[in-house]
Amino acid sequence: MAMVTIANVSGFIAIAVLTSKPVAGRTVQNSIWPTLLQSDAVALKGVRKRVLAVTWIQTLGIPLIGIAGVVTPLGLYSSVVAEAGSDQVFEYVKDAGPFGIATPGRSDIGFCRRCGAFVPVLCPGSTTPYNLDGNFSQGSISMPQGYDGHIPKDRFEFFGSGINRNSDTISGVWDIDWRNYNYRQDKTQNIPMNNGSKYVSGAYSVIDNTISTDKVQIIEGLIVDSKGRGIGFRNHTLPLEVHMGAQWSEDILFTEPETVCVPNNITLDFTLAETDNINSNGSISDLRITDRGGFFSIGNNATDAQEDIDIHHRAYVAAWINNVVLMWYFNITNPGKWDAPGWPEGGWSYLNSEQGRTFSVGTDRSTPVFQDRLRSVQLFSDFLQLDSRDNIKSNLTFSPSMQSNPFNITRDHFELINDWCQWFKSNNPGTISTIALGCSMVYGVAQSLDSKKPGLANIYDAGSKWSIPLYSCATASKASIKTVDFKLNGTGLADLRVLAIKDKIYDNQGKPHWAVEETNMRLLDGAPLWGLVDPDLEPVANISTIQREYLYLPGFVDPLGWASISVQNMPAIDFHIAATSVANQIGKNTVFQTTDYTGKYNAAMYAKWRELSKDPVGTAQILNLVWTDIAANAVVGTKGLGGARLETELLAKRSDSLSPNGSHKVVLYQSRVLYKWPYAIPAFLVILLILAVGVAALFSCFASGFGLKSISVVLERTSLGRVMAAVAYPYSCPPGLKTKEWITAVGNRGINYSGQFPRETDALIVSASASQEESLGNGGAYTPLQQVGN
């Protein structure tokens, strides 16, 4: 398409200005030149005022035309503007950054599923033949044909059906892959997977850190909201025909962490002692719990005003139980009777605490309290280092911190906190209600209690006093569809920017349908399958569905939540559990914990954690950021406009719903010449003057009774050529001749106006030499000759 430039438009304006110059030429007799030369044309006596007004308006317009010719083009400028949306074809573009370099190509081997924590268990829908002696939990099982890990066709199609109904940009459960993977073969196993053939299992390795920036990052296969709001699955493609930029929107499947932290309103306070190694936990002395409201103002039950079991309530329950058990341990109150899983009954006969009261904990070199890092643990109040009831019965060595404890509080009491927070156990069957919720206690970064050194928050000095805030947190994972606004300012993935991520808006009938398996097996043996589904399809057996904007992902979070990635290829049901498990165990060595999330070896992260862990909202964001970073390094989306890696069975199902050739409506940006209208004021004034002169002249003529024919006669008879010819050739050009007739009669004759009156010449004007000879014949002097001309 031809582009119009500023130079083109400036030329058009110049032509328009030049076209006004003949008007000025035809009025030269009424211009400033006759005034300067004081010719007869400027005589004003006897001239009507209306004619004088028009004449002066024309004269004043001449400099205005010059000003307009200079000023008018100055308003031109070039800008990139959005055009109307049009369908554009998209094509895959590889990420040139670390994630793109470290992400291998996708395997052509499909998904596989293996259930059973300790012995193989049939996954939902499996048709694998087996022989069972006893039950799945305690008996023995044999499978003569091996373990078939393939996904049953009906489940595969059903859990992938929802994306047909929603959008060709929304990923489904089968569009999520492990970013890195391995090939496995179980040839030596008693019950080999897929009869000993090769299959894919997940692998995890750290590629890059997404926590260091607060921007939305576009990496290979994902959109990463680095403010801790999760990941969006997109195999990145870009429109092909983009020259000046483009903008468009897509609906994207996101999974995000949702964390709520509740302050325990107690702190771990300590003093840094004199030591040769100030950065070791051996430098901590006088470790004590300070009551800041968590003990003396606690209620005698864990319920709050909420009827629903929401995430905030579960975090609150964890904080309440933790503080109550600590109160029993320190004999702040008496426990009454507590036989889990019921609530403790009775007790609360006394309350021995107040604001600011401290309770000594005691330390040795193994106490897990540190001044130089952040930690999260699934065992609440692990700083007490309590033994389990079984160890106590076996007369094993007690923890050195067990110096009080009149009610024989053990590790088991604190382990029950997770059961109450999660609301179910690993031996419960997987359903739509068994949300993969992780609960943890977070030890915030130590805050200096020395008000005289506010700028030295991370400078450790012997004798300085510090305080670690404690929080009880609950984290769930949520899937939803979000609308993402993109802007492209180039041709590569580095030129793609996310303008906004918004929750998708639905009408009542348009909300997505989610489905979750009812597994009829323990959560420990495998997480339920979930996904977007088409409600018009007949559901498969043992499925629960719900229609709403989001789905809390099912599963069970335990310290080994990452273990299943190495034995199956089901990333969509495993990765969020692994990410939650790591976020609940910051500082513990796991297969995913190769990044230092404590901040001990990363000064920038430590400073960020120090500020965020000052309050429960910031602490929740820390866990969300860790979850997001783990997920970004663990998985990748394989679906995008223009193509995706799809299973063969599902490809035919999706083909009808996809836009042809992966096209999508895009707003293209083009360079356009625009104008700043204030610069056009002189040009508008010129136009107004021309209109005013024209209107005034017409009004004057018609007011005097002249019509168009009369005006034509006046113009002819006042023409300078006709006036002079009438004097010089009175018999050759009688009045009333038409223009062609007049030109034939006298138009080519010469006029000698050297005398008092114009005189005729005998010869036609042929050349300048002929004119000179004639003039020499009239007295020997040069006589000016003029061609009559109309």
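Just so you know, these numbers use all the heavy atoms, side chains as well, and skip hydrogens, waters and symmetry mates.
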- Message: Tell me every residue that passes ring pair (Phe, Tyr, Trp, His ring centres under 6.0 Å) with Phe295, counting only those two or more places apart in sequence or in another chain.
- Response: Phe359
- Task: With sequence neighbours excluded, tell me which residues meet ring pair (Phe, Tyr, Trp, His ring centres under 6.0 Å) with Tyr550.
- Result: Tyr552
- Message: For Ser581 and Gln585, which I'm curious about, is there any donor-acceptor pair between the side chains at under 3.5 Å?
- Response: yes
- Pair Glu258 + Lys478, salt bridge at N-O below 4.0 Å: yes
By side-chain contact (heavy atoms from CB on, under 4.5 Å), which residues pair with [X], not counting sequence neighbours?
X: Cys123; value: Arg113, Cys115, Tyr147
X: Asp419; value: Leu416, Lys425
X: Ala631; value: Ile231, Phe575, Trp627
X: Gln621; value: Leu612, Leu625

Test of understanding: with side-chain hydrogen bond (donor to acceptor under 3.5 Å, both in side chains), list the residues that count as partners of [X], not counting sequence neighbours.
X: Asp214; value: Lys608
X: Asn418; value: none
X: Ser544; value: Glu518
X: Ser472; value: Asn264

- Message: According to salt bridge (Lys or Arg N to Asp or Glu O under 4.0 Å), does anything in residues 430-448 pair up with another residue at least two apart or in another chain? List the pairs.
- Response: none
- Item | Of all pairs that satisfy salt bridge (Lys or Arg N to Asp or Glu O under 4.0 Å), the ones with a partner from residues 543-553, not counting sequence neighbours | Lys511-Glu549
- Message: Taking side chain to side chain contact (heavy atoms under 4.5 Å, CB included) as the criterion, tell me which of Asp225, Asp503, Ile223, Leu253 meets it with Lys482.
- Response: Asp503
